[in-house]
Undergrad: 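Quick one: the structure is below, and I'll ask about it shortly.
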There are 2 protein chains.
Amino acid sequence: MKPNIKDIARHAGVSPTTVSRVLNNRGYISQKTKDKVHQAMKELNYFPNELARSLFKQRTHLIGLIFPTTANPFYGELIFHIENAFSSKGYKVLLCNSLNRVDKEIDYLDMLQRNQVDGIIVGAHNRHISQYESMYLPAVAIDRNLSNSIPVVSSDNYLGGKVATEHLLKKGCQKIIHINGPHELETPANKRREAYEEVMVKEGRFPITYELRQSLDENYTKTIIDQLFDENPDVDGIFASDDLIAATVLSEAKKRGKDIPTELKIIGYDGTSTVKTCLPELTTIQQPIQAIAQSAVDLLIHQINGEAVDEPLKNIILPIQLSNGFTT
Amino acid sequence: MKPNIKDIARHAGVSPTTVSRVLNNRGYISQKTKDKVHQAMKELNYFPNELARSLFKQRTHLIGLIFPTTANPFYGELIFHIENAFSSKGYKVLLCNSLNRVDKEIDYLDMLQRNQVDGIIVGAHNRHISQYESMYLPAVAIDRNLSNSIPVVSSDNYLGGKVATEHLLKKGCQKIIHINGPHELETPANKRREAYEEVMVKEGRFPITYELRQSLDENYTKTIIDQLFDENPDVDGIFASDDLIAATVLSEAKKRGKDIPTELKIIGYDGTSTVKTCLPELTTIQQPIQAIAQSAVDLLIHQINGEAVDEPLKNIILPIQLSNGFTT
DNA sequence: TTTAACATGTCAACCCGTTGACATGTTTTT
DNA sequence: AAAAACATGTCAACGGGTTGACATGTTAAA
């Protein structure tokens with residue numbers, strides 16, 4: 001079986017306490033003893049059992065990440081940066097793909113607490129989940145209000161929606177339509193929609209928002225976009241609430257022979273490096289993905305260390321940037 | 001502090017053993033007692049400590065995933081399916097982004113073993129790492145040989161390279177060039193290159209492979225592609241070893257005013273749904289991502305359950321598919 | 001009425017490493 | 001020569017659950 005600390009002690013000819021002292025750099029130990037112990041660990045292929053250590057220390061250095069899915073490039077990149085940042089500070093990350101399903105999110109939350117994670121970062125979107133309120137656990141939300149006490153990190157979604165809409169207006173669009181995800185989820189996209197609608201109204205335009213409900217049908221998005229074009233043959237500007245929707249709009253528009261950007265201008269949202277590589281021509285609102293990740297990680301570690309979260313940190317809003325492409 | 005099993009016992013007016021029996025469905029317990037215990041757990045917000053359970057049971061239901069980065073859509077999707085499959089079987093997943101760096105991979109491997117994971121799935125690419133040989137731990141590799149005893153799951157990379165090359169030939173390309181990642185890494189792309197080179201030679205053509213070394217420079221890929229076009233103004237077919245490279249080729253070609261597919265045909269590799277959404281027109285070799293994930297997960301759980309891995313399972317090769325777009 | 005099956009309790013050992021208290025001996029420093 | 005620092009050992013409690021052994025009492029089936 002796996003060797004334990006006693007096996008190492010025996011093999012190195014010292015006491016278990018001495019091994020523990022070497023492992024934790026406590027008290028006085030001679031270099032010779034250190035070497036002997038390290039040698040023994042190597043020879044027996046010993047890995048200190050973190051379960052036992054964590055159990056005693058009441059600290060796991062384990063973080064739970066609840067996100068919709070790593071399959072989406074925005075989350076894939078965000079999670080990458082989050083894991084990176086945690087890893088460099090000695091934390092490990094448990095990955096949970098909630099798929100924006102309430103039942104999954106609740107199950108994961110339960111699982112993470114059983115596993116004694118030191119904290120969680122939640123970027124999933126869902127209807128309100130009450131569990132977060134009674135929870136005693138350091139947490140940071142990304143782009144979502146989980147409870148009064150849980151700080152939120154996000155980029156400036158309202159500004160993003162505003163900049164996108166104003167950009168299309170400035171480019172001369174007469175009929176601008178917005179496509180958005182499910183309204184009932186607490187997504188940041190709602191603020192983008194809000195901004196779009198307010199800017200439109202302020203400019204004396206009539207806002208039209210198409211809603212994409214959650215669907216298992218692969219072609220659902222295409223169907224709705226098709227419908228949008230059928231119902232609005234004169235549309236000349238589309239603001240999509242994320243780049244993948246924008247990409248679908250783009251290809252559907254091309255199918256219909258619409259010239260981009262003369263007949264139709266398109267702007268997306270997110271600006272992931274994946275989409276930038278695949279569709280460098282797409283105009284989009286770029287989120288500061290790495291900065292969001294870093295802020296969330298710092299804020300969580302701050303809490304884990306028992307430091308208070310001052311009011312200004314309760315709601316961190318990071319700047320977005322217009323990334324000008326050829327689709328507008 | 002967090003309640004423990006004794007607190008629950010006291011609160012429910014039963015013995016700790018009874019609580020444990022309820023928790024594990026062991027022995028005889030009346031419904032009334034079960035209810036009392038569950039009620040107490042709810043009231044005290046109790047989460048059974050998995051560390052303690054795992055420590056005793058010598059089983060964590062924890063799996064380590066070592067992959068280059070979730071930021072890449074291929075890995076993002078693969079990891080999504082892997083996590084999904086594990087989650088449905090009661091396993092949790094520790095995410096490690098190795099960035100194809102040997103030092104990171106070794107550190108993660110160490111960390112995972114300290115954390116007593118039940119097994120690991122490795123999809124990272126690197127030079128040979130000897131640690132895998134001495135390791136006593138169920139493992140599955142994706143697209144890479146880690147050691148003699150560790151089974152490998154992959155899609156048919158040789159066939160993929162062959163199909164891609166033959167496809168370009170069939171479409172009438174006269175000068176086909178291949179672009180590939182770093183040769184020194186043990187990547188599946190090497191088999192794609194091998195197939196390309198063999199098919200070319202068999203057809204009496206001269207194979208030309210451009211190698212993309214690992215680089216921190218964002219524009220490095222573009223630079224090499226630029227160089228490729230400069231050095232080969234007559235190139236009329238490019239087989240890229242992944243879709244993101246293909247996408248870059250596509251946009252660089254457009255910049256040079258090359259008409260796709262008449263002047264230049266492009267074929268990529270991977271066929272992730274992200275790229276399919278962004279670039280539906282791209283011809284590519286589609287990997288069965290979900291099937292790869294499922295096979296790897298099944299195979300690992302198989303090993304964890306102590307069942308032998310028969311010879312045919314040691315090297316699972318799944319079929320690829322040509323996804324015909326408009327770039328060829 | 002006897003015998004199972006049911007229901008719950010007590011107790012201790014175990015999983016593995018950590019830590020504080022205390023002891024003992026060796027060096028090194030004043 | 002005395003005091004301080006260094007080096008290692010022994011021992012037991014602890015973190016939080018699990019499990020087997022054993023005891024006792026109740027209820028239901030034979």
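In this text the structure is predicted, and so the values were computed from the model without any measurement. Lettering follows sequence order; numbering is per chain, from 1.
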Undergrad: Testing the 3.5 Å rule here: is there a donor-acceptor pair between the side chains of B:Asn4 and B:Asn49?
TA: no
Undergrad: At under 4.0 Å between heavy atoms, what does A:Thr17 touch on the DNA or RNA strands: base, sugar-phosphate, or nothing?
TA: base
Undergrad: Got a list of protein N/O to nucleotides 28-30 of chain D N/O distances below 3.5 Å?
TA:
none

Undergrad: Can you tell whether the side chains of B:Asp35 and B:Lys32 come within less than 4.0 Å, N to carboxylate O?
TA: no
Undergrad: Distance under 4.0 Å to a non-hydrogen atom of chain A counts as contact; along DNA chain C, which nucleotides mark the start and end?
TA: C:dC16 to C:dA21
Undergrad: The helix from C:dT1-D:dA30 to C:dT30-D:dA1: angle between its terminal axes, five pairs each, to 10°?
TA: 20°
Undergrad: Compute whether any side-chain donor of one residue and acceptor of the other, for A:Tyr108 and B:Ser87, lie under 3.5 angstrom apart.
TA: yes
Undergrad: Nearest whole Å is fine: how far is D:dA5 C1' from A:Ile29 CD1?
TA: 14 Å
Undergrad: Rounded to whole Å, please give me the gap between OH in A:Tyr28 and C1' in D:dA5.
TA: 5 Å
Undergrad: Expressed in angstrom and rounded to an integer, what is the separation of B:Lys6 atom NZ from D:dT18 atom P?
TA: 13 Å
Undergrad: Answer yes or no: is there an ion pair linking B:Glu105 with B:Arg144, defined by an N-O contact shorter than 4.0 Å?
TA: yes
Undergrad: Just wondering, are more than 12 heavy atoms of other shown residues or ligands nearer than 6.0 Å to CG in A:Asn148?
TA: no
Undergrad: Can a donor-acceptor pair be found between the side chains of A:Asp298 and A:Gln294 at a distance below 3.5 Å?
TA: yes
Undergrad: Would you call A:Lys104 and A:Asp107 a salt bridge, taking side-chain N to carboxylate O under 4.0 Å as the test?
TA: no
Undergrad: Within the 4.0 Å heavy-atom criterion, would you say A:Ser30 contacts the bases, only the backbone, or no part of the nucleic acid?
TA: sugar-phosphate
Undergrad: Please enumerate all residues that pass side chain to side chain donor-acceptor pair (under 3.5 Å) together with A:Asn97, with sequence neighbours excluded.
TA: none
Undergrad: Side chains of B:Glu83 and A:Thr70: donor-acceptor distance under 3.5 Å anywhere?
TA: no
Undergrad: Go through the side-chain N and O atoms of A:Ser30 and A:Thr33 and say whether any donor and acceptor fall under 3.5 Å apart.
TA: yes
Undergrad: Scan A:Thr18 against the nucleic acid and name what it touches under 4.0 Å (heavy atoms): base, sugar-phosphate only, or nothing.
TA: sugar-phosphate
Undergrad: If you take any heavy atom closer than 4.0 Å to DNA chain C, which residues from residues 35-62 of chain B end up in contact?
TA: B:Leu55, B:Phe56, B:Gln58
Undergrad: Remember a base hit wins even if backbone is also touched, and classify A:Val14 as base, sugar-phosphate or nothing at under 4.0 Å, heavy atoms.
TA: sugar-phosphate
Undergrad: Which pairs pass ring pair (Phe, Tyr, Trp, His ring centres under 6.0 Å) with one or both residues in residues 6-58 of chain B, sequence neighbours excluded?
TA: none
Undergrad: Taking side chain as C-beta onward, heavy atoms only, is A:Leu318 less than 4.5 Å from A:Ser154?
TA: no
Undergrad: Considering residues, nucleotides and ligands other than A:Gln290, do more than 12 of their heavy atoms fall under 6.0 Å from its CD?
TA: no
Undergrad: Rounded to whole Å, how long is the line connecting atom CD1 of B:Ile8 with atom C1' of D:dT18?
TA: 16 Å
